[in-house]
Every structure is written in structure tokens, then in C-alpha cells.
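Here is the naming used below: chain letters follow the sequence lines, and residue numbers restart at 1 for every chain. What you see below is based on every heavy atom in this structure, not just the backbone, and it leaves out hydrogens, waters and symmetry mates.
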2 protein chains.
Amino acid sequence: MSILQKINAQLDSMAPADRQIGQFIIDNPDQMLRLSSAALAVETGRSQSSVVKFSQKLGYAGYMELKLAVSEAKAQEWTAPAGMIHGTIEIGDSYLVILQKLIGSKQLSMQQTVAVNNEKDIGIALEILRKARRIHMAGVGASSLVARDFAYKLMKLGRNVLHDSDSHVQMANASTLGPDDVLFALSYSGDSIETLRIAELASQRGATVIAVTGLKDNPLSRVANIRLYTFADEERVRSSSITARDAQLTLTDLLFILLIQGQSDAHEYIHNSEVAVSVLKAEHP
Amino acid sequence: MSILQKINAQLDSMAPADRQIGQFIIDNPDQMLRLSSAALAVETGRSQSSVVKFSQKLGYAGYMELKLAVSEAKAQEWTAPAGMIHGTIEIGDSYLVILQKLIGSKQLSMQQTVAVNNEKDIGIALEILRKARRIHMAGVGASSLVARDFAYKLMKLGRNVLHDSDSHVQMANASTLGPDDVLFALSYSGDSIETLRIAELASQRGATVIAVTGLKDNPLSRVANIRLYTFADEERVRSSSITARDAQLTLTDLLFILLIQGQSDAHEYIHNSEVAVSVLKAEHP
DNA sequence: CAGGCATAGAATAATATATTCCTAAATCAA
DNA sequence: TTGATTTAGGAATATATTATTCTATGCCTG
């Protein structure tokens, strides 16, 4: 939690002088960075000592430390954008605000997604993907596109991957899975009926099931042997699965990169696939 | 460019005292933030005044300003990760380093992509998409997935969109386009032969062509009426089109959000599509 | 209503920063 | 080579900033 948010949260339980100082900092963090404690006191109509005490009450050694904390918070704000930190994208929003909210929530989803999966689980999933005789990707709707993207990438590494956007075909394929095979199932809600049934079938047939779902408890991850999670910032970009898709892509990209790391001939494979595709490029660019 | 990089770049052309101070700051930025000018002088074996002068030579009013700049740079480092700022993901990299490099380059691509397209061009593209009788999406390989993702989204808004992953089908469809129609063509390189031919055909038939390509000059954007650009940080995540795809998605997501903003019944459409899909969800989650 | 307690400003002490000044070394010109 | 001139860089100092202590005031509680 950034210092600005922290101040904001505590604002109500503060004494008048502190509240006034805190409010000013929240409203004008940039200006505050250029003010000395005395100057800030003048701006807020309070005393210089109150400013210092304010800083100390927040747990900092003094005003200077507070300034550093604010500067840091400001710098991270472009990452998780300015002002209305928890705003949904609204009808009246300006172009710039929409931009910031969109980028901000995309970034948040990405960061949280890598944060909620610990290295150990990722490592286990990698090991399973490495050893798999055959990998089957399951996912419908938006998740189908992520499944396909991941499938393409694994194919580039020479892995034996199967994916079809038609869930009936997926189901038929799942019926051929065996103990050495892996089902990689994607569903943000974790309760898409087709994906769930496919996972159940794969599980019955002894295949290892890796489920990539949202954080809350869901049927799909209950079926799975390995559970990986995605975090989507639905708060800000409501009514579209943009961030859920970004989170899934972040996770599959990470797995892909890590697979490359562990496969010594990976770059060779990728190079070959690029050369092959380049035949289909225009000759004079 | 961050202040740490700037110092690093100028290091060679600095006088001994300044070089020593600069080196210390580059090596221990965290520590530096907690040191006073005098304390830093002791650490580096130089005088306090040299520290202040060092700050001023870099263009800051004084030591305090330099500290703020360093703090900011440090804070942004998690965004564009630590240390080897221009490193590709290497074989020996640790899990954390890979994570940082991956997230960092994803974020960079997103930020740069919104930065390279000015509001005016985006606005024109939106207007064209709004007025289009029919929108045809073209794109092969990884771009095909982005095209499909964007197509799904526009369908949710009730727009008349066409996409098929098979380039022959795309070409056949393009042959039916007319002056009121729009071809939305995606290709990072801008020289995928199929996409290019489809765009040429669409253009001949009088359709408006919107091209989404990388920044460098390319055949596809030359054919187009409207040129939008994507920025991919291929530097760090080499040998895969991860960031190029992220950039394309960022751009199409932005267009989608902006279309929603300008269409009063958009949320209704989306709501209806969600209700419709929810029939396919498991009943007891 | 007295005593304790919290608030907050004034005054002051302590620190930190910026400037000035000075010296020694380096560079340059004749 | 030598004297003039510049430059680097530290010591000293002036200034500014920050932190602490002290005190007045109001407020609550017993």
C-alpha cells in the first residue's frame, strides 16, 4: 500500500492539524516534494513542528523520510495510475484518464498474477509439462485464444500439443488422454461447463490436470492436480475480460519462458520456426 | 532515462572525486538515500561540498533534489527491473530476474504503444470503426489471435465483424468488401504476405484500411488509409512474439474501451452477452 | 473543579545543505 | 621552462532545514 493511500485511510482518525497536513499531501504530492517542512507548514497554515510530528506519527524518522516515501509512491503511480486509484472507467473519462486506467489495471493484473503463484507450484507445473508425452489445451471463449497462443508457443519448442477451439473436438481429444499426458485447462471463472467436463474426463483417464483459474474457489481447480492462479483487476475495466485474459497470458508467457530456459535446444527450435515462417513474408519490405 | 543510467553514462568523463561519488551512488542507491551529504562524503572519502557540487553538476538544485531523483529511479526499477536494464532473458537468470524482465518488457511495450499513437489518429480510427457497415479482421499467426480477440469484443457490442483464422477464407471475405466497409489488418512486421494481399484487395475494392503494425516502415502500412502503431520490446524477450502480441492487444483493448465510451447502449449489449454465456456455466460453483 | 492528557504552536537546538574561499595541481601560452 | 590561468576539490562558513523541547490551551474524567 502506498504512503498516499495509507494517509488517506488514516485521515479520519487524525487530529485536525494532522488531517490538514495529510490532506494537502494527498492533494498535492508533487508540490509537497518541493516544499520544506516549514514551507509546507505555511501552505497548510500549520506549524513546522506539526509537519515533522505528522511524519513521525506515520512511522518515519522525520520529514525527509516521508518525502522519500512520497516520491517513491509518486514514481510508482504511473504504474498504477494517478488520482482515482480505484475508479472504474466511467462514461465521462478523458482520453488520458482512460489510458491510465487501462494500462494501470493491465499492469496490476500482471503483477498480481506473478505474485499469487509461488515459485514452487510453477516449478512443479514446469516439470509436468516437460515430462508430458502429450499436452492438451482446454479453454472456451476468451480462454480459448490464450490456450491457442500457448499451444503455438509450445509447438515452436517441438512439444506435442493439441488444441481446437471447438469444445466438442476438445472433448473428443480428451478421451484419448492417458497417464503420461497432461491437460492444461484455462478458465477464469473456473466453472465453464465444457472445460470442467473435459478436465473431469481427463482426470478419470489418469492424465495430470493443470488448472489456471481465478483466485476464488471453483469446480475446475478442485478437479485439478496442479492449481495455478490468475488475478484480474475487474474493478476498473468492468464488463470485459481484458484483464483476465492478460493475466492468463502473463502466466502462460512465464511458463513458456521458463520452459525455454530449461531446454538447451529451445533457441534452435525457435530459430528454425522463424526461418520457416519468413518464407511467407513480402520480399521487398 | 533514469538518473542512475545518466550517472553511469557520464561516469567516464567525470573528475576523480565526482566519479567516486557517482560510482558509490550507482552501486548503493538504497544506502545513498539514507545518507546525508556529509555521511556520503565520509563513505566515499570525499568532502561534503564535493557531494553537493556533484549534485549540481548533474543539473539538480542540490543534494536533496538528487536524492529525490534517485528515489524515483529506484521506485521505477521494479517496473523496469533491477540492474541489467537492457539485458535479454539469459540462460542463467534466476526465477525472480526472469519475472522482472518479463513483466518489465510487457509493461514497456504497453506504455510505449499508447505513447506512439496520438489521440487524433485513434479518434479517426474510432470514427471509421463506428461508421463501418462491416468490419473485416485480417491477421495471420499470432496476429490472428489478436484479430479474433478484437472481433469477439466488437461482436459483443453488436457490430458486424468477420474473422477467420484461415487466410484463404480471409481473402475470399475481403473480395466482398465495399466502400462502406473497413479492413482492420494486424501484422507486427507489416510484411506478412497474406495480410498484405488482403489489404491490397480491400483497398482496390474501396474499403477503408486500418493497419496496425510495428514502427518501422513496411508494405502493409503503406497500403493503409489509417496507420496505427505497436511497440514491442523485442530486446529483452527475444525469440518470441510475446511483447508484439501484448502491444497489439493493448491497442485493440484501447479501441474497444473507447468504442464502449461512445456507444450509449454498449453496456446493455455486453450485459446481454454475459447473461447468454452464463447459461454455459456450472450450476454449483 | 482539579488533574491528567492530548493538541499544537513557539522557541530552540541540532543537523544538514549550500556557498565562499583558498590551495594545490594541472594545463596552457609564450 | 616559466609564469599565468584554469580547474579540482577540500576547509570553513553561512544559510536553511529539520527535530526536540517547552509551554499554553482546551478537553475530558473522576
Side-chain angles (χ1 to χ4, degrees), chain A residues 3 6-74, chain B residues 3 6-74:
Chain A
I3 178 62
K6 197 181 287 180
I7 292 174
N8 203 17
Q10 296 184 15
L11 213 58
D12 292 329
S13 60
M14 281 177 175
D18 288 340
R19 179 155 45 228
Q20 211 165 343
I21 294 167
Q23 188 69 56
F24 183 91
I25 295 175
I26 293 170
D27 295 341
N28 320 289
D30 293 301
Q31 201 175 335
M32 175 269 189
L33 289 176
R34 273 175 277 112
L35 295 173
S36 69
S37 59
L40 176 57
V42 171
E43 287 295 324
T44 55
R46 293 295 164 150
S47 73
Q48 182 262 338
S49 59
S50 293
V51 171
V52 174
K53 284 172 196 163
F54 173 83
S55 312
Q56 292 170 333
K57 281 175 198 163
L58 284 167
Y60 298 97
Y63 181 64
M64 263 202 17
E65 270 200 17
L66 174 67
K67 258 171 112 164
L68 288 178
V70 170
S71 147
E72 191 171 316
K74 279 297 303 172
Chain B
I3 178 60
K6 198 182 286 180
I7 293 174
N8 202 19
Q10 296 184 14
L11 214 56
D12 291 329
S13 61
M14 281 178 175
D18 289 339
R19 181 155 45 226
Q20 211 166 342
I21 295 167
Q23 190 67 55
F24 183 90
I25 295 175
I26 293 170
D27 294 341
N28 320 289
D30 293 299
Q31 199 175 337
M32 175 267 189
L33 290 175
R34 273 174 277 113
L35 294 173
S36 69
S37 60
L40 177 57
V42 171
E43 287 295 324
T44 55
R46 294 296 169 155
S47 73
Q48 182 263 340
S49 60
S50 292
V51 171
V52 173
K53 283 171 194 165
F54 173 83
S55 311
Q56 291 169 333
K57 280 175 199 161
L58 284 167
Y60 299 96
Y63 181 63
M64 265 204 13
E65 270 200 15
L66 173 67
K67 257 170 113 164
L68 288 177
V70 170
S71 146
E72 191 170 317
K74 279 296 303 172

Colleague: Sequence neighbours left out, cut at 3.5 Å: what donor-acceptor pairs do the side chains of residues 57-68 of chain A make with other protein atoms?
Modeller:
{"residue": "Lys57(A)", "atom": "NZ", "partner": "Asp18(A)", "partner atom": "OD2", "Å": "2.7"}
{"residue": "Tyr63(A)", "atom": "OH", "partner": "Leu35(A)", "partner atom": "O", "Å": "2.9"}
{"residue": "Glu65(A)", "atom": "OE1", "partner": "Ala61(A)", "partner atom": "N", "Å": "3.2"}
{"residue": "Lys67(A)", "atom": "NZ", "partner": "Leu33(A)", "partner atom": "O", "Å": "3.4"}
{"residue": "Lys67(A)", "atom": "NZ", "partner": "Leu35(A)", "partner atom": "O", "Å": "3.0"}

Colleague: By a strict heavy-atom criterion of less than 4.0 Å, which residues belonging to residues 33-46 of chain B are in contact with DNA chain D?
Modeller: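 Contacts with DNA chain D under 4.0 Å: Arg46(B).
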Colleague: State, to 0.1 Å, how close Val51(B) and Ser37(B) come at their nearest heavy-atom pair, and which atoms those are.
Modeller: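 The pair with the smallest heavy-atom distance is CG2-O, 3.7 Å.
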Colleague: For Leu40(B) and Met32(B), which heavy atoms make the closest approach, and how far apart are they?
Modeller: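 Minimum heavy-atom contact is CD2-CG, 4.4 Å.
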Colleague: To the nearest angstrom, how far is Phe54(A) atom CZ from dT7(C) atom C1'?
Modeller: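 After rounding, the gap between these two atoms is 15 Å.
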Colleague: Could you tell me the separation between the CG atom of Asp18(A) and the C1' atom of dA8(C), rounded to a whole number of Å?
Modeller: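 So the CG-C1' distance, Asp18(A) to dA8(C), works out to 9 Å.
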Colleague: When the distance from CD of Gln48(B) to P of dA18(C) is rounded to whole Å, what number comes out?
Modeller: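 My rounded result for the distance is 8 Å.
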Colleague: Using 0.5 Å steps for rounding, measure from the CD1 atom of Ile26(B) to the CD1 atom of Ile7(B).
Modeller: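 The CD1 atom of Ile7(B) is 5.5 Å from CD1 of Ile26(B), to the nearest 0.5 Å.
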Colleague: As an exercise, state the distance from OG of Ser55(B) to CD1 of Ile21(B), rounded to the nearest 0.5 Å.
Modeller: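 So the OG of Ser55(B) and the CD1 of Ile21(B) are separated by 8.0 Å.
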Colleague: Does any pair with a residue in residues 24-39 of chain B pass salt bridge (Lys or Arg N to Asp or Glu O under 4.0 Å), and if so which ones, sequence neighbours excluded?
Modeller: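 Found Asp30(B)-Lys74(B).
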Colleague: Taking 5' to 3' order, which nucleotide of DNA chain D is first and which is last to have an atom within less than 4.0 Å of a heavy atom in chain A?
Modeller: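 With heavy atoms of chain A under 4.0 Å away, the range is dT17(D) to dT21(D).
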Colleague: Of all residues at least two apart in sequence or in a different chain, which pass the side-chain hydrogen bond (donor to acceptor under 3.5 Å, both in side chains) check with Ser50(B)?
Modeller: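 Per chain and number, Ser50(B) pairs via side-chain hydrogen bond (donor to acceptor under 3.5 Å, both in side chains) with Ser47(B).
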Colleague: When the axes are fitted on five pairs at both termini, how much does the helix from dC1(C)-dG30(D) to dA30(C)-dT1(D) curve, in 10° steps?
Modeller: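 About 10° separates the two local helix axes.
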Colleague: Give every pair of a protein N or O atom and an N or O atom of nucleotides 20-26 of chain C that lie under 3.5 Å apart, one pair per line with the distance.
Modeller:
none

Colleague: Output every pair passing salt bridge (Lys or Arg N to Asp or Glu O under 4.0 Å) with a member in residues 42-51 of chain B, not counting sequence neighbours, ordered by first then second residue.
Modeller: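 Not a single pair qualifies under salt bridge (Lys or Arg N to Asp or Glu O under 4.0 Å).
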Colleague: Where along residues 59-69 of chain B does a heavy atom fall under 4.0 Å from DNA chain D?
Modeller: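 Here the set is empty: none.
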